[in-house]
Protein chains: 4
Amino acid sequence: MNREEKKIATRKKILDSALELFAEHGYETTTVHMITERAGVAKGTFFNYFDCKEDVFCDLQTFRATLEFEKLKDIRGPILPHVREFLMEFVRIGPNSRQLVRAVLLSDLSNEKSLSNQRKMLEELKDMLIPLIVEAQNRGEFTSAIPADMIADQAIQTYMGVSFTWGMGMGDDKLITQMVASFELFFRSLLP
Amino acid sequence: MNREEKKIATRKKILDSALELFAEHGYETTTVHMITERAGVAKGTFFNYFDCKEDVFCDLQTFRATLEFEKLKDIRGPILPHVREFLMEFVRIGPNSRQLVRAVLLSDLSNEKSLSNQRKMLEELKDMLIPLIVEAQNRGEFTSAIPADMIADQAIQTYMGVSFTWGMGMGDDKLITQMVASFELFFRSLLP
Amino acid sequence: MNREEKKIATRKKILDSALELFAEHGYETTTVHMITERAGVAKGTFFNYFDCKEDVFCDLQTFRATLEFEKLKDIRGPILPHVREFLMEFVRIGPNSRQLVRAVLLSDLSNEKSLSNQRKMLEELKDMLIPLIVEAQNRGEFTSAIPADMIADQAIQTYMGVSFTWGMGMGDDKLITQMVASFELFFRSLLP
Amino acid sequence: MNREEKKIATRKKILDSALELFAEHGYETTTVHMITERAGVAKGTFFNYFDCKEDVFCDLQTFRATLEFEKLKDIRGPILPHVREFLMEFVRIGPNSRQLVRAVLLSDLSNEKSLSNQRKMLEELKDMLIPLIVEAQNRGEFTSAIPADMIADQAIQTYMGVSFTWGMGMGDDKLITQMVASFELFFRSLLP
DNA sequence: AATGAATGAGCATTCATTCAT
DNA sequence: AATGAATGAATGCTCATTCAT
């Protein structure tokens, strides 16, 4: 492992430890000392990689921003199979322990910067969903009785609702199972 | 106002100030000094009423436990109107600013004690919903294709999903409007 | 000693300790811990009295701003006796150990706020001196060959020069002796 | 440029950067990182040339010790022209921005080692001045009413006083102008 | 019962210094 | 000889909590 790789590894160690600890104790209660201790580095090392404690926190969220919403654009024909597939990938990429989910939600709420990041991301997702929904309505897959943007809102709410309650310890052992089940029911409400 | 009443008033002033501040800044970021300043009492007074800072926090949550789930027990005949009414009261009692909603969700997530309180409350709610749903299924209001407990989970998820996304700043200006709209869609998915 | 007096006493203890330590080690090298240790209070107590470390520093200078320059305004008749008297009082009020003088000069230089405070004070002093000098020139006490404002500058320079070299450990044991001697020589240069 | 020359150049780069930064921010506030960044070398390189941060600081002062006081020894005949000339060179060699002057004075005061260096230098200067002054008194250039060592003290005080007040931002734009003006007045006080 | 001065453990952050590469 | 990642002691500052008044 050369120098550059070591640096990346150290950064990752710190990020991972931070994510775990934020999940276990929340942002404020987690100290830099705790993070570096778990990462197995000195306290000072933390600040070689991040300007301040808050920065790690924001970093945690960026991984989600990289999600490939783009894929949704190219959907042709019946929408449901694609949405199911997208959803599964979306969940597969994200955190998969209840603790981690809680940590991410916590981060969304506790911090003004995170809050607006997250809101922006959801708005983007919504903008990408609407045309898909409209097309599905035209094709007769979804009811046209409900406006497309309301359906989009609803989809996002379903996603966040599942995340939240699952993160709290309720629902099926696997997040993906719970997510798919909830969306099946959701799609049921969209039948023409 | 006699002595005893004064004591109760002081306690209430402190609790109210704390709730407001937790809503504005979160638990950790709110200091005892901030609370007593807003309540208009001296810092020491706080500790005459609460053993430690965490205690106010737990006190804040108890108000939700007092919610009258009991009412749900006595429902007879068609369920939908009752559920709609219950929902509206439920939302009316709870916090109504996005900030407050966020604060409460934050409190649910940040603290082990709060987390388990909240989970217990939701489980209770679920247990109360299931027989109602079964009866509605028997009466033909809801589809029987979906197990009652799954529907109950779904209802709770819908509630949390709306709370979360609305707290983040999305959706209709009024929480109640958003909540009702989402539940109408939800009920749509339960049609036989 | 009642509560209010105690507060004043504590504040004074902290200020005195700070002044001594700044004199011994300079501003940056002196830690809040050192100050509170010498003052015999807890570290936190420091911050009950001053918002930050820098504030003590600025406080140290204010005592000089209270100097009664006003007295100079009312001088009538021959100026020299009054100036001598003023000078002696000026020195008597100010710090009298070499260490303290050094601390004050150090504070003037190390900190932008102090620097501008001090400059302003000296400018004020100069403005007050000029009319006196003009009158003395008219009365024939001082030469008119040198502009009054230059003489004022010179007086201030003499004062600072004595302070600096004396603070460094040179000159007569007593600052006042050294100051008077230097000003006698200075006045000699102003003979018509 | 061979290896030896390169080493000398690197050392100089570091020293120059340090001097500039000490002038701009003072000793304590300047970090090794700032120095090496401005010098364009890595942080580690600093410690290849200096054992510790303090060492650069002491090195900076030595340049003043190299001042050729020796020249004063060989003065014959009327003293004033020589002293004027010496003074001008003295000032020309030294720092010429208000910031730099302030930095040097600061360094004199903040550090025990610097303080004693500076004191020693001034004492030497004084010892060199006294015989010159005695001779000038004998020749009738200066009054004999004032002891020669007092005059020497006075000269040094004048020098430091001008430096200090000029460094603080007062007086003529050019230090040399201010210095010459003050010394002219000083010489005036020495007329027989 | 109410006050607020005093406390000190604990935190984020800085930075001179080391040392493997 | 030069590098810069890693170190950890030290610092300014916060704040829940105590307790004499």
Has B:Lys7 got its NZ or CZ under 6.0 Å from the middle of the six-membered ring of B:Tyr49, at an angle within 45 degrees of the ring axis?
-> no
Does NZ or CZ of B:Lys53 fall inside the cone over B:Tyr27's six-membered ring, less than 6.0 Å from its centre and within 45° of the axis?
-> yes
Might you point out which heavy atoms bring [X] and [Y] nearest each other, and give the distance in Å?
X       : Y       : result
C:Phe46 : C:Thr36 : CB-CG2, 3.6 Å
B:Val32 : B:Phe47 : CG1-CE1, 4.0 Å
D:Met34 : D:Thr29 : SD-O, 3.8 Å

Contact list for DNA chain F against residues 30-38 of chain C - heavy-atom distance below 4.0 Å = C:Thr30, C:Thr31, C:Val32
Residues of residues 39-51 of chain B with any non-hydrogen atom less than 4.0 angstrom from an atom of DNA chain F: list those, numerically ordered, please.
-> B:Lys43, B:Phe47
Passing option when C:Arg38 is tested against C:Ile14, C:Leu21, C:Thr30 for side-chain contact (heavy atoms from CB on, under 4.5 Å) = C:Leu21
[atom1]-[atom2] distance between [X] and [Y], expressed to the nearest 0.5 angstrom:
X        : Y       : atom1 : atom2 : answer
A:Thr31  : A:Lys43 : OG1   : NZ    : 7.5 Å
B:Met168 : B:Arg98 : CE    : CZ    : 11.0 Å
C:Thr45  : C:Ile35 : OG1   : CD1   : 12.5 Å

Can you check the [X] [atom1] to [N] [atom2] distance for me, whole Å?
X       : N      : atom1 : atom2 : result
A:Tyr27 : E:dA12 : OH    : C1'   : 10 Å
A:Asp55 : E:dA12 : CG    : C1'   : 13 Å
B:Lys53 : F:dT14 : NZ    : P     : 15 Å
B:Glu28 : E:dC11 : CD    : P     : 11 Å
B:Glu54 : F:dC15 : CD    : P     : 17 Å
D:His25 : E:dC15 : NE2   : P     : 12 Å
B:Ile8  : E:dA1  : CD1   : P     : 13 Å

C:Thr10 side-chain N/O to E:dA6 phosphate OP1/OP2 under 4.0 Å | yes
Test log, rule side chain to side chain contact (heavy atoms under 4.5 Å, CB included), inputs B:Met121 and B:Gln118 | CA-CA 5 Å; B:Met121 195 190 87; B:Gln118 174 72 352; 4.1 Å; yes
End axis versus end axis in the helix from E:dA2-F:dT21 to E:dT21-F:dA2, the angle rounded to 10°, five pairs used at each terminus | 0°
Which residue, A:Arg3 or C:Glu4, contacts DNA chain E at a nucleotide closer to its 5' end, judged by nearest heavy atom?
-> C:Glu4
Is C:Asn2 atom CG crowded by more than 12 heavy atoms from other residues, nucleotides or ligands, each under 6.0 Å away?
-> yes
